[in-house]
Amino acid sequence: MDKLTIALPKGRLFDPVVEILREAGVVNRELDDDSRKLILEDEQLEIDFLLSKAVDVHTYVEHGVADLGVVGKDVLLEAGASVYEVLDLELGSCRLVVAIPEEAGITSLEELPSTGRVATKYVNVAQEFFDQQGIQTEIVKLNGSIEMAPLVGLSDMIVDISSTGRTLRENNLIEIAEIARSSARLITNRVSYKTQHQRIKNIIDDVKAVISKQ
Amino acid sequence: MDWNKLQRPEGTRDYLPDLARKKKIIEEKVMEVFNSWGYEEIITPTFEYYDILSAATEGLHAKMYKFFNRKGEILALRPEMTASIARMVATELREKSLPLRLAYEGNVYRYETPRAGRHREFYQAGVELFGVDNPLGDAEVISIAVKAVENAGLNNFNIDIGDVGYFTGIMKEAKLDEELQIKIRHALSERNFVELKELLSGTDLNGQQKKAILAAQDLRGGKEVIAEAKDLVNNEESLEALINLEEVYKNLELMGVADYIYIDLSVVRGFDYYTGIVFEGYTHDLGYTICGGGRYDNLVKKFGYPTTATGFAVGVDRLILSLEKQGYEFEMENKKVILRLQPEDKEKGFELAEELRQNNNVELELATRDLEETIAYAKEKKIDQVLNLETSTSKEDYKINEIEIKAGEQDG
């Protein structure tokens, strides 16, 4: 049997993902994302775990150095990665939304002026969305604290993820459109899916069974 | 010159001697198989009218390098070969009897984000079979794909075959609109099962039809898969597709290549011009496919000549990479020799070099330097032997000092 390599996202998703995988019998050892070691081996199950930054998981999988991975749909959309998205883990649910300062008095996309400036971490997703809506936008790439951009006059609106809507509210932003729904997805490399089909298929089925119990 | 301008444009690469040699060897081995099945090599232009190229490749429009000629017409660098060959068949080869068996190898261009195994200029080799619309034609092309990859030296590979007719039949039966069909097919080709499920839940497909589509991800294996799939559908087009697949598989068994073949109904390929059988090859050593193809009966028709077609292409660069990962020993070159001679021995030296060139690669030492320096040069260049033609008194009376350079002796 070939060794299987699974890339896991450090951070927010790590613990719940490991929990599911443990229940599905895929994880059978201690896994800690604070670990200094980044490659953790399970010799008994013949699985290597790569601890990756969440936005890099798809890169390991796409290149085939990892066979499987877990990554947020928002990241996948932005990256346009060539991987197979085989299962929704229904974890870390959030939505990609367009939000605008309340004082602008705008409540829907239709009311937007035909041009505008958008601050976001998701430049590709935002560009594609506004192109489809026929709204001419200038995208400003930021890496964090996106909500601040309209407050200080850097942009007219933002595109960002929102789970409860609290951060938006606290910054006096209101959501005017939803671009996509996101949650953690199980992805596989395109060739691994074939060459290790039975093993990967079993993992998918086992994980699916765990999720449906929840 | 600005340092930045000395870099290669992103996504291109230089083939240094070692890689260039491997590429040549692989291309020859692949072409040898194509020829042996009666396929004749053709060469088409590197650039064509954009309209021709875009007729074939729905998914590649935004990835083509386009430019204008002086008349203002739009041209593009070919992103693949099939469109050019289809144009050639619909025009210059129109009067020729069918079937037409054509082979090619050449570079193609796509503006893509360079990633593992993905360049903006890369090399493809392949065949196209025109005017045969039966399973035997499909089997022939798949068989050639197996033989070509095998002949190139790869042993650790498989080819998965499916038939897009299976899904088209189900979707047509449910009268899904074109746009939704394309979305579903896209989700299938990306094996995006999450999106697939979402797409299907919003459609008029009945429970059985949904099941038949979703089941495709598990319909993978030997010919028993076809029987399983037959129980899932009852529309004519899907069933015909499955019967065709069965016939193709039988032929592949008789051709002795079935060991390499899996039936995988979820193979639908990215291009939306495929109309029947589709297949893709991959190796355990590489995270992406090495070859792919299928039946595309509607393309040549677009150029005004209704004829059917099946073809495939193999990525030469990916094949080389797979072979290297497999630890494949590429054929040895001739023995490499460097010949040192004194100015007064030129006549004898040249004669000797000519003789040696029968089965050696012989370079003449053109620099004036000590024997020690020639030896150091030979080591660096991995030359096998230094021949030192020592000064002689007459043409017949000469002495050659043979110095073998042992492999692994390359010291810095």
Side-chain angles (χ1 to χ4, degrees), chain A residues 1-5 7 58-73 76-91 93 124 128 131 180-202 204-205 207-208 211, chain B residues 59 62-63 112-118 156-162 186-199 201 214-222 225 260-264 266-270 279-292 318 321-322 325:
Chain A
M1 192 162 61
D2 282 347
K3 236 182 186 178
L4 207 61
T5 304
H58 64 84
T59 308
Y60 291 99
V61 175
E62 184 170 5
H63 285 235
V65 291
D67 303 297
L68 285 162
V70 175
V71 59
K73 178 68 180 172
L76 278 181
L77 280 172
E78 179 63 17
S82 292
V83 293
Y84 291 151
E85 185 183 327
V86 291
L87 193 62
D88 186 348
L89 297 184
E90 296 169 24
L91 283 176
S93 294
N124 296 328
E128 196 187 334
D131 285 351
R181 286 172 177 278
S182 173
S183 54
R185 305 290 158 92
L186 185 65
I187 59 172
T188 82
N189 174 271
R190 293 173 158 233
V191 167
S192 304
Y193 187 77
K194 295 170 182 293
T195 54
Q196 304 238 42
H197 186 75
Q198 205 44 54
R199 212 164 160 208
I200 289 178
K201 182 72 197 133
N202 289 343
I204 295 173
D205 288 344
V207 173
K208 218 185 256 178
I211 295 169
Chain B
K63 294 181 179 168
E112 292 195 275
T113 318
R115 288 190 176 145
R118 215 197 262 171
N156 196 4
F157 73 99
N158 290 107
I159 288 182
D160 285 4
I161 60 178
H186 185 73
L188 275 166
S189 81
E190 296 288 307
R191 283 195 183 62
N192 188 332
F193 299 132
V194 181
E195 190 185 330
L196 189 61
K197 245 173 138 174
E198 277 169 23
L199 283 170
S201 66
L214 286 170
Q217 56 181 293
D218 297 329
L219 292 173
R220 186 169 189 286
V225 166
Y260 289 104
I261 308 293
Y262 281 107
I263 304 284
D264 182 348
S266 66
V267 174
V268 294
R269 305 280 300 156
F279 61 95
E280 55 195 21
Y282 53 89
T283 153
H284 296 230
D285 299 322
L286 215 56
Y288 28 88
T289 55
I290 49 173
C291 68
R318 291 182 173 190
L321 206 54
S322 318
K325 289 210 175 183

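Residue numbers start from 1 in every chain, and the chains themselves are labelled A, B, ... in the order their sequence lines are given, proteins ahead of strands.
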Between Thr113(B), Leu286(B), Asp218(B), which residue shows the highest count of heavy-atom pairs closer than 4.5 Å to chain A? Asp218(B)
Pick one of side chain, backbone, both or neither for Ser82(A), based on which atoms fall under 4.5 Å of a heavy atom in chain B. both
Against chain A, label Ser266(B) side chain, backbone, both or neither, depending on which of its atoms sit under 4.5 Å from a heavy atom there. neither
Once side chain to side chain contact (heavy atoms under 4.5 Å, CB included) is applied, do any residues pair with Val191(A), and if so which ones, sequence neighbours excluded? Asn189(A), Thr195(A), Tyr282(B)
For Tyr84(A) versus Glu190(B), what's the shortest heavy-atom pair and its separation? CD2-O, 2.8 Å
When you look at Glu280(B) and Arg190(A), which way does the side-chain contact (heavy atoms from CB on, under 4.5 Å) test go after all the steps? CA-CA 11 Å; Glu280(B) 55 195 21; Arg190(A) 293 173 158 233; over 6 Å; no
Using a 4.5 Å heavy-atom cutoff, which residues in residues 63-71 of chain A come close to chain B? His63(A), Gly64(A)
Identify, with sequence neighbours excluded, every residue that meets side chain to side chain contact (heavy atoms under 4.5 Å, CB included) alongside Asp205(A). Lys201(A), Lys208(A)
Passes side-chain contact (heavy atoms from CB on, under 4.5 Å), Lys194(A) versus Arg220(B)? Steps please. CA-CA 9 Å; Lys194(A) 295 170 182 293; Arg220(B) 186 169 189 286; 3.4 Å; yes
Quick one, Arg181(A) and Glu198(B) - any side-chain contact, counting heavy atoms below 4.5 Å? no
Residue list, side chain to side chain contact (heavy atoms under 4.5 Å, CB included) with Glu128(A), at least two apart or on another chain: Gln132(A)
Scanning both residues in full, the closest heavy-atom pair of Glu85(A) with Val194(B) reads OE2-CB, 3.5 Å
What part of Gln198(A) lies closer than 4.5 angstrom to a heavy atom of chain B: side chain, backbone, both or neither? neither
